[in-house]
Amino acid sequence: MSYHFNEIEAKWQKYWADNHTFKAENKSDKPKYYVLDMFPYPSGAGLHVGHPLGYIASDIYARYKRHKGFNVLHPQGYDSFGLPAEQYAIQTGQHPAITTETNIKTYRRQLDQIGFSFDWSREVRTSNPDYYKWTQWIFIQLFESWYCKNHQSAFPISELEKVFSSEGNESVEAVCDDNVNVFTAEEWNQFSSEKKQDILLKYRLTYLAETEVNWCPALGTVLANDEIVNGVSERGGHPVIRKKMTQWSMRISAYAERLLQGLDTIDWTDSLKESQRNWIGKSVGASVTFNVNDHDAVIDVFTTRPDTIYGVSFMTLAPEHDLVSQIVTDEQKAEVEAYIEATAKRSERDRMADVKTISGVFTGAYAEHPFTKEPIPIWIGDYVLAGYGTGAVMSVPCGDQRDYDFAKHFNIPIPNIFEGVDISEEAFSDKENTIIANSDFLNGMNYKKATKRAIYELEQLGQGEGKTNYRLRDAVFSRQRYWGEPFPVYYVNGMPQMIDLEHLPVRLPEVEKYLPTEEGEPPLGRADVWAWDTNTNTIVSNNLVTLSGVEGSHDNGIYPLELNTMPGWAGSSWYFFRYMEEAANRGEHFATEDALKYWENVDLYIGGSEHATGHLLYSRFWVKFMHDRGFVGVDEPFKKLINQGMILGTSAIVYRVSGTNTYVSKGLKEGHDVEEIRVDVNIVNASDEIDIEKLKQWQPQFENAEFILEEGNYIVGREVEKMSKRWFNVVNPDSICEQYGADSLRLYEMFLGPLEQAKPWNTAGITGVHGFLKKLWKLYVDDNGLKVNDAEATKDNLKTLHKTIKKVEDDIENFSFNTSVSTFMIAVNELTAQKCTSKAILEPLLVLISPYAPHIAEELWSKLGHDQSISTAPFPKFEEKHLVESSKNYPISFNGKMRFTLELPLDMSKDDIEKTVMAHEKTIAQLQGREPKKVIVVPGKIVNIVG
RNA sequence: GCUGAAGUGGUGGAAUUGGUAGACACGUUGGACUUAAAAUCCAAUGUCCAUUAGGACGUACGGGUUCAAGUCCCGUCUUCAGUACCA
């Protein structure tokens, strides 16, 4: 009986599905454990071998935890809204829902054939109306909430209204827009309801705001910064303009400090936490207000170095700063305008890339130093960014290198305010070893003291205060796309109104085309049936909307719906809660309280590091918000997080002799002028030899090509790069499963190397793990059937088993899956050599292997006479006693270099070891009569002879 | 520039608290079985010197600490990832 993996794997996959083997229970006596993968976007290309890496790792862990007696939740679903389906729809007219459905089918088939222990009964799809109903609901909750700085928590907006009507807004410490005016309770109560709504919008956690976007009229869409190259669109090269659009924003900045603090409570890698810290970008300092001479204007700046206030010799504004046009003098006007125009032409990216060039223009205006009252020239320069802080800086050339370079370049004085420091060559930015000088009341102080004092003095003047600044901006939440969640929002006189929960979901309308309208409205602008009837609470035809406010028209209660859709991260910011509820109970809640209480949050989350500052930050934000409002009990979504490394492709390259249709093999290409052409890796074997017949069929350009071979073969060149269709280096798991089986694929992906490390895919080694599975099979079964019997386990058998138990358990706990595969190989090699047939050994061994290679484990388990799945068999218990040795093979080293080994009893005393070793003939030979200076004996470890 | 991770045979990688560097595989070479191939099995395989015995060198590079360093410390270089004129 040989190892027919295809039959075995199909059999057990069917068994698991039929018996709901991996269905998690919401009520259990076992402790819970929640293992989650980042759910995939179902793209048309299907899975490649890189995708399953993280899934295999989490599956091993989930299966291990089941063996360890946990009630494990290990679900899977699809992040099924997204751009590729929409773009495909634009090209073909095919509805994205249909493409998505087809793609999901492919994904499911591919996932199933790898034998994952997912509980599919809890599947989630973000594009499913039953799901996005609750995404819409969370959006409404954000709209109905404000953030109180005093309590560091979100509260219902209705409570804020109560405060406004009883005491106005002066005492309210809220995170809100900057332009909120102070009003009293009386004033509030007399405001029109429109005015009240307008004010409340400035406090809501999601709000409408004018945002600058990159608008490409030719493509009719908004582009992200990285879709623009040299001021034109990457795709098509069309001009891009900055355009203000009214968009929904999320007040994530309210949570900046908690998002930062929360990082200390979770078990993530340092690099990931560091990424989030950088993204949040906290800096502590002060805001300082400078009066502008001869103008009724002030310049606010943020500085981390208020202690250097006496070193200010000029100010710099971003060219886009609002004040520039107001304060520029007539003499400087032409120059300033030319400069602004020149910078506007350069894209943000160009400006960032070109750090070396120093440019700027004097505005002709002066500000007044808050203490010395001296005039300070005001410059504009593009090294100051409009988007950070206030878009203006107080320039201290002696303490900041950029200010220093700017001052040198334009011959602006560089006053030195540091004691005993030479600033003739560069700025002195070391704040730890600073003594302030030439600074009046700050003289002689260090950074800490001077900072405190400067802030105090500024406060006395009313020209500044201590301030903490965050880089984290509020997140724009509107997208001009079709294939995303519609907002549950309609507009009455331009004011947004929320649709009640009972009328959700607001379903995506049908449109004829998935492009923006000719007027530049989002695709939903093409929908004919896209208005909200407040009388019936249904979506009705747009024609029924009356133009309210226009004289002669009457308000019939039918209003236009929002045309934008939500961004990709909306649905993925809370999906982990949805899995907690069993599908049957999902109707009334996004998840019931019991389910949320039982599963709490994700114990282990595995996914790619590309989500470090997107999904992982937004999810934390939404969870903190939901926690504040009492919808969930936890404050962080993911307790432990692991990033799997990317699996890279190994592209294959053929060399075409320039200007011909002749291809020269890699080894012979020297001397030829060649072009590198990437070809399909699937027609190249592990020895880099290409199948020329297949190549000719692959693309017509090779059909009549000539090939210059070396030793009868055409050898390709190799290049390791990202797995991508355009490099023809994508390897699909299907063919691996077919050829070697899912268990081989699972073992091999783990065996490739450490989980978190990026590594190139190379099928060469897969025969190794496949051979291992065959050997494992042969340990249990031969031509006559099952070999396993009740023979008593030998000492060696037990030693091998328990060594393996210990190592594998440690490895899984440390996510070191590659080394446990080696451990299995060693165990099987040893047991084969020992001719072990003992059930007492081979049965527990199967449980150890089952998380990694579940199909073969189930098959052999049932052959051993079990009628239940191996998946919940208890994990074997490690017993130290089987590893206790009586002797140790001591390495004997001379001056640290190991020369020979010596078997000695472990209970031998230090002195006896030394005596025995020193008397040994090899020792005498090594020393050649020399007297050792010192002999180090570490019992149980090593002997080192010095001299 | 900054932040983080890493650099070990022909290749992927192992060495968890400083204690026999190269586990386990792949590849290569030789052999067995076979008409042949596949499969399987056995042996060798860091580099260099040496017939052998054995020796020298060796974990990116240069220093250091230690009886002992891939591992700890200082400096340098390289690669990858993220981020960037952050005031």
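Throughout, protein chains are lettered first and strands after them, A, B, ... in sequence-line order, and every chain is numbered starting at 1.
Residue pairs meeting the salt bridge (charged side-chain N to carboxylate O under 4.0 Å, His left out) criterion with at least one partner in residues 302-318 of chain A, sequence neighbours excluded, are R305(A)-D307(A).
With sequence neighbours excluded, the residues that form a salt bridge (Lys or Arg N to Asp or Glu O under 4.0 Å) with K799(A) are E885(A). Applying the side-chain hydrogen bond (donor to acceptor under 3.5 Å, both in side chains) test to K273(A) and every residue at least two apart in sequence or in another chain returns nothing. K778(A) is linked by a side-chain contact (heavy atoms from CB on, under 4.5 Å) to nothing, counting only residues two or more places apart in sequence or in another chain. Evaluation of the salt bridge (Lys or Arg N to Asp or Glu O under 4.0 Å) rule for D474(A) yields no partner, not counting sequence neighbours. Every residue two or more places apart in sequence or in another chain that forms a side-chain contact (heavy atoms from CB on, under 4.5 Å) with S887(A) is listed here: E903(A). Applying the salt bridge (Lys or Arg N to Asp or Glu O under 4.0 Å) test to D810(A) and every residue at least two apart in sequence or in another chain returns K806(A). Here D300(A) pairs with T289(A) under the side-chain hydrogen bond (donor to acceptor under 3.5 Å, both in side chains) rule; sequence neighbours left out. Residues forming a salt bridge (Lys or Arg N to Asp or Glu O under 4.0 Å) with E830(A) (at least two apart in sequence, or on another chain): K803(A).
Within the structure, a side-chain polar atom (N or O) of Q757(A) is placed less than 4.0 Å from OP1 or OP2 of G13(B). Distances shorter than 4.0 Å separate some side-chain N or O of R402(A) from OP1 or OP2 on C86(B).
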Listed pairs, N/O of protein and of nucleotides 65-72 of chain B, under 3.5 Å:
residue : atom : partner : partner atom : Å
C67(B)  : O2'  : N944(A) : ND2          : 3.0
C67(B)  : O2   : N944(A) : ND2          : 2.9

Review item, nucleotides 80-82 of chain B N/O atoms under 3.5 Å of protein N/O:
none

Pairs: protein N or O with nucleotides 37-47 of chain B N or O, under 3.5 Å:
none

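Look at U45(B): its Watson-Crick or wobble partner, with both distances under 3.5 angstrom, is G27(B). Under the Watson-Crick or G-U wobble criterion, with both distances below 3.5 Å, U51(B) is left unpaired in every strand shown. Pair assignment for G9(B): none, as no Watson-Crick or G-U wobble contacts are both less than 3.5 Å. C33(B) makes up no base pair with any nucleotide shown, lacking Watson-Crick or G-U wobble contacts both under 3.5 Å. Base pairing of G1(B): its partner is U83(B), meeting the Watson-Crick or G-U wobble criterion (both donor-acceptor distances under 3.5 Å). A 3.5 Å limit on both hydrogen-bonding distances identifies C74(B) as the Watson-Crick or G-U partner of G62(B). When Watson-Crick and G-U wobble pairs are counted only if both distances are under 3.5 Å, A15(B) pairs with no nucleotide at all.
Glycosidic conformation at G9(B) (O4'-C1'-N9-C4 for purines, O4'-C1'-N1-C2 for pyrimidines): syn, within 90° of 0.
Listed nucleotides: U16(B), C24(B), C85(B). Nearest to the side chain of D382(A): C85(B). Listed candidates were U83(B), U20(B), A23(B). Nearest to the side chain of S822(A) is A23(B).
Here T767(A) lies in heavy-atom contact (under 4.0 Å) with sugar-phosphate atoms only. Using a 4.0 Å heavy-atom cutoff across all strands shown, R899(A) reaches sugar-phosphate atoms only and no base atom. At the heavy-atom level, S271(A) lies under 4.0 Å from the strands shown only through sugar-phosphate atoms.
Remark: side-chain polar atoms of T804(A) are not paired, donor with acceptor, to backbone N or O of T823(A) under 3.5 angstrom.
With hydrogens and angles left out, the side-chain atoms of Q276(A) and T613(A) include no donor and acceptor closer than 3.5 Å.
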